[in-house]
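Taking it in order: structure first as structure tokens, then the write-up.
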Amino acid sequence: MANANVKPLEVVFWLAALLPFVVTPNYLSLASQIAITALFALSLDLILGYAGIVSLGHAAFFGVGAYTAGLIAKHYWVEPLSGLVLAGLAAGLLGYLTSHIIVRFRHLALIMLTLGFGLLLLEAANSASALTGGADGLQGFRVPAVLGFKFDLYGTTAYAYALIVLFLCFLASRRIIHSPFGLALRGIRENATRMPAIGAPSRAHLRKAYTIAAVMAGIAGALLTHTTSTVSLEVLSFGRSADVLVILILGGAGRLYGGPLGAIIYMVARDQFSGLNPQYWYFWIGLLLVAVVMFLPNGILGGLSAFRKKRQ
Amino acid sequence: MLSVKSVNKKFGSLVVAQDVGLELPQGVRHALIGPNGAGKTTLINLVTGMLAPDAGQIVLGGEDITGLKPEARVRRGLARTFQINTLFPQLTALESVALAVLERDGHAHNWWRGLARFGAEVDEAASILQSLNLQKSPHRLTRELAYGEQRLLEIALALATRPRVLLLDEPAAGVPKDESAELFAAIAGLSSALTVLFIEHDMDVVFRFATRIHVMVGGRILVEGTPDDIARDPRVREVYLGKTGTDHVSFRKPPLG
Amino acid sequence: MFSSLAGVLFDGFAYGMLLFLLSVGLSVTLGMMNFVNLAHCSFAMIGGYATVTLVNKAGWPFLATLPAAFLAAALVAVPLERVFFRRLYRASDLDQCLLTIGLVFISVAAFAWFYTSDQQSAPLPAFLQGSIHAGGMSFAQYRIFLIAFGLAAMGFLIFGIEKTRFGARVRAAVDNQRMARGLGIDVDRAFTITFTLGAGLAGLGGALAIQVVGLDPTFALAYLVYVLIVVAVGGLGSIGGSFAAAVVLGVSDMAGKYYFPWLGAFLIYLVMVALLMWRPLGLFGKR
């Protein structure tokens with residue numbers, strides 16, 4: 001059975017995540033963005049890497065979480081943790097409802113439906129400008145502190161907040177993957193035809209996975225709102241759905257750490273090349289995608305483990 | 001145990017099953033034979049619920065299961081293997097069988113307890129593998145197993161669901177002569193309480209294990225009887241070979257490429 | 001009220017013809033090889049930019065550039081199919097999506113580099129400009145041209161697929177690839193030809209689209225969604241399905257913009273989602 005014991009490399013990874021506080025204190029805002037993106041990618045991994053659902057519209061849940069958190073902060077109260085929970089629940093509810101439709105389809109119809117839902121939500125948010133602020137986004141609110149720690153200009157609190165939430169969600173994901181449910185998801189991914197033949201209620205499993213992934217994506221969106229005190233339509237965009245897909249593939253889907261690893265590499269690279277015209281940035285991303293599919297189909301982590309196997 | 005009554009199915013104008021009827025009393029070993037395209041696998045898909053019949057009934061242990069989804073039928077004790085290996089390539093043999101056991105016991109929805117806590121189920125999976133002589137490589141990925149081992153794993157997965165009726169779709173397909181001994185041992189070792197239907201081309205398997213044979217041609221059951229009856233039946237010989245003088249029908253299906 | 005409805009139908013139908021030309025190639029190649037080519041609209045861009053260059057830099061008349069647009073896209077398609085796409089026919093949906101999205105990104109950047117991000121235009125000959133006035137309404141002549149062109153293309157394709165031997169091979173391959181191979185049909189070659197034709201048609205569509213929706217490097221991504229909707233809704237491998245879906249989509253889009261502008265593209269997406277849920281294989285899909 002896949003070993004659920006904590007590997008030393010994992011401990012190193014999480015300890016290293018504390019380094020930015022000390023080594024690069026000027027980049028803590030970027031670090032919190034990376035943590036948020038890592039959480040978002042982790043949520044996608046659950047349905048893509050483990051259950052095999054190709055979604056081009058995962059930003060829908062990220063966006064719902066972001067807007068929920070924003071609306072609560074703007075109109076009701078600015079305490080973030082409760083906002084976080086409610087955002088996760090809202091996204092999870094949407095995920096649960098759409099999952100009933102999503103799990104009935106495969107191949108192109110599935111891809112198109114996930115894309116369609118994402119676009120629908122974006123258009124709806126755009127039109128409902130009285131609620132969402134439309135193209136201008138949600139503004140005029142500020143989340144001052146979490147648990148008494150003020151959000152400072154350096155982003156120290158932001159990064160700590162995002163990192164802790166990421167870690168907790170990561171522990172939950174780890175638990176799921178090493179559970180019977182996680183095994184069932186892998187079974188669906190490996191051979192969806194065989195599952196009913198061993199008595200497995202595949203659709204029920206998929207709905208559950210989709211809902212959990214939606215909750216996590218919603219939490220990631222709420223983190224973004226709390227740490228930046230703003231929400232724009234971009235959180236629901238196809239660009240965000242595509243970016244997180246690229247990130248997950250880059251790191252390696254179905255390997256738990258693929259999302260976080262991809263997020264680190266992608267966001268750091270993007271920050272370094274931020275002066276570049278976005279179209280040229282996408283040139284390199286395009287090249288990267290082609291290279292990954294042709295040469296590293298399981299992402300960086302996949303390539304590393306294949307390399308290690310060869311050496312044995 | 002299993003009754004198939006007047007099952008009909010067609011795709012457009014192509015009739016794949018016409019008035020098909022089959023009775024499997026408990027504990028028997030029957031075989032379903034017929035030329036390629038006769039509709040044998042389609043019938044299995046109809047019985048297991050992967051296809052819905054246009055008319056007819058499937059009854060398992062006295063209960064009408066015609067309207068049930070495939071996974072519900074499995075839970076009531078109807079299991080099958082696939083003619084082409086339909087396994088989980090990147091799961092290990094042990095994980096695959098353990099998954100089937102966990103699904104059977106209703107634990108697969110559990111996402112907060114680690115697999116390590118389900119020792120009983122994992123042990124049961126290990127013993128199923130052992131009963132089929134697969135205990136040597138429980139931790140190897142399915143896709144790394146030898147073809148013969150994979151065929152055995154097919155059966156292991158079906159057995160893990162604790163079926164009352166087992167449908168084996170060409171279990172010997174593609175297995176070379178020198179590896180088939182283990183397969184035959186496994187089939188011989190199946191519990192006598194289990195009702196088994198072989199779909200086979202390999203007459204070795206059929207004559208070795210089956211007490212009764214159903215012959216299917218062009219979507220219909222042509223004839224049914226003991227192996228001797230069938231071997232002598234002129235209609236069967238005509239379907240398979242054209243008219244010849246030999247008593248025993250004996251040929252192998254070429255291994256799948 | 002009626003004249004606005006007629007206007008919407010007319011404009012929508014013309015737009016639908018454009019979508020049809022852009023989408024039909026993708027529908028047939030998807031139906032034949034199940035290959036999700038998200039870079040399909042890049043071929044449209046190639047055709048569009050070919051026309052722009054020939055008209056503005058080489059002084060060609062617009063109509064003469066249309067065959068060139070077709071050829072330019074087709075000529076790029078051949079090596080691409082040989083080098084990249086051929087390796088991915090057995091790959092997963094995800095891998096195909098990712099590789100072709102990568103190619104789209106590269107093409108967008110390439111065109112932005114060579115042509116800048118500005119909108120491009122190509123002047124039309126006099127007889128395609130202006131409108132005809134009939135029954136108290138005015139019909140843009142270019143749109144009449146589009147409709148005529150689209151119908152002619154549709155007729156040509158239907159004739160090709162129903163009456164020629166090559167068309168029969170394509171239909172067989174779409175229906176059941178394994179059996180078609182078993183019958184001795186060279187499916188790979190048929191696919192390469194079909195793929196090239198489809199790319200050429202997309203190029204043609206891209207050239208014709210300049211007047212209606214403009215052309216800039218983001219075209220390949222912006223219209224990809226519409227093309228995918230047409231293909232998914234119309235059904236893979238179906239020329240008639242693509243035509244019907246393109247018309248439905250074109251008219252819905254125009255109707256939406258005219259009657260419910262506050263909905264934006266919401267109506268289109270809703271129509272797509274609803275249609276896909278009702279018929280996941282598309283209106284005329286076989287698989």
Side-chain angles (χ1 to χ4, degrees), chain A residues 1-6 46 49-52 103-104 169 171-213 215-216 252-255 297-298 302 305-306 309 312, chain B residues 48-50 69-82 84-92 94-119 121-122 125-126 138-139 141-143 154 157-163 167:
Chain A
M1 295 299 226
N3 197 342
N5 293 336
V6 179
L46 210 61
Y50 285 95
V103 299
R104 290 171 187 266
C169 289
L171 286 178
S173 299
R174 206 169 182 286
R175 220 131 192 208
I176 293 172
I177 277 137
H178 292 293
S179 71
F181 180 62
L183 186 59
L185 287 182
R186 286 163 61 207
I188 296 175
R189 182 195 70 201
E190 290 296 309
N191 199 326
T193 312
R194 197 53 158 128
M195 289 301 277
I198 57 172
S202 301
R203 284 192 187 162
H205 287 328
L206 287 173
R207 284 197 293 267
K208 188 144 78 189
Y210 203 73
T211 307
I212 295 175
V215 170
M216 268 205 263
R255 284 158 203 273
N298 288 313
S305 75
K309 274 201 183 137
Q312 278 173 1
Chain B
T48 54
M50 283 175 70
K69 286 199 282 210
E71 50 265 31
R73 302 187 195 199
V74 172
R75 285 177 189 273
R76 284 182 174 54
L78 176 66
R80 73 169 288 180
T81 63
F82 289 81
I84 302 177
N85 282 330
T86 308
L87 302 167
F88 304 112
Q90 305 213 69
L91 294 187
T92 66
L94 187 61
E95 284 176 328
S96 306
V97 182
L99 176 57
V101 174
L102 287 162
E103 288 284 1
R104 183 198 74 212
D105 284 349
H107 291 308
H109 66 275
N110 195 322
W111 59 271
W112 62 89
R113 284 174 70 195
L115 280 166
R117 305 263 218 102
F118 289 89
E121 283 78 3
V122 176
H139 296 297
L141 294 183
T142 300
R143 66 174 180 197
E154 267 284 332
L157 281 181
L159 288 179
T161 65
R162 272 206 211 129
L167 309 172

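Protein chains get the first letters and strands the later ones, always in sequence-line order, with residue 1 at the start of each. Note that the structure is a prediction, hence the values are computed from the model and not measured.
Side-chain contact, A/Arg255 with A/Ser305: a donor N or O sits under 3.5 Å from an acceptor N or O.
Proximity to chain A is absent for every atom of B/Thr48, based on heavy atoms less than 4.5 angstrom apart. For a residue to count as touching a neighbouring chain, one of its non-hydrogen atoms must lie under 4.5 Å from one of that chain's; by this rule B/Ala108 touches chain A with backbone and side chain alike. Contact annotation for B/Phe118: only side-chain heavy atoms (C-beta onward) come within less than 4.5 Å of a heavy atom of chain A.
The heavy-atom pair separating B/Thr86 from B/Glu154 by the smallest distance is N-OE2, 2.6 Å.
Chosen from A/Ala197, A/Ala172, A/Gly182, the residue pairing most often with chain B at heavy-atom distances under 4.5 Å is A/Ala197. Chosen from B/His107, B/Arg117, B/Arg75, B/His109, the residue pairing most often with chain A at heavy-atom distances under 4.5 Å is B/His109. Of the listed residues B/Asn110, B/Thr81, B/Val101, B/Thr161, the one with more heavy-atom pairs under 4.5 angstrom with chain A than any other is B/Asn110.
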Review point. Between B/Phe88 and B/Leu157, is a side chain to side chain contact (heavy atoms under 4.5 Å, CB included) present by the stated rule, with each step listed?
Key: CA-CA 10 Å; B/Phe88 304 112; B/Leu157 281 181; 4.3 Å; yes
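In this structure, A/Arg104 places its CZ atom where only 12 or fewer heavy-atom neighbours from other residues, nucleotides or ligands lie under 6.0 Å away.
Put simply, CG on A/Leu171 and CD1 on A/Ile176 are 11.0 Å apart, with the number rounded to the nearest 0.5 Å.
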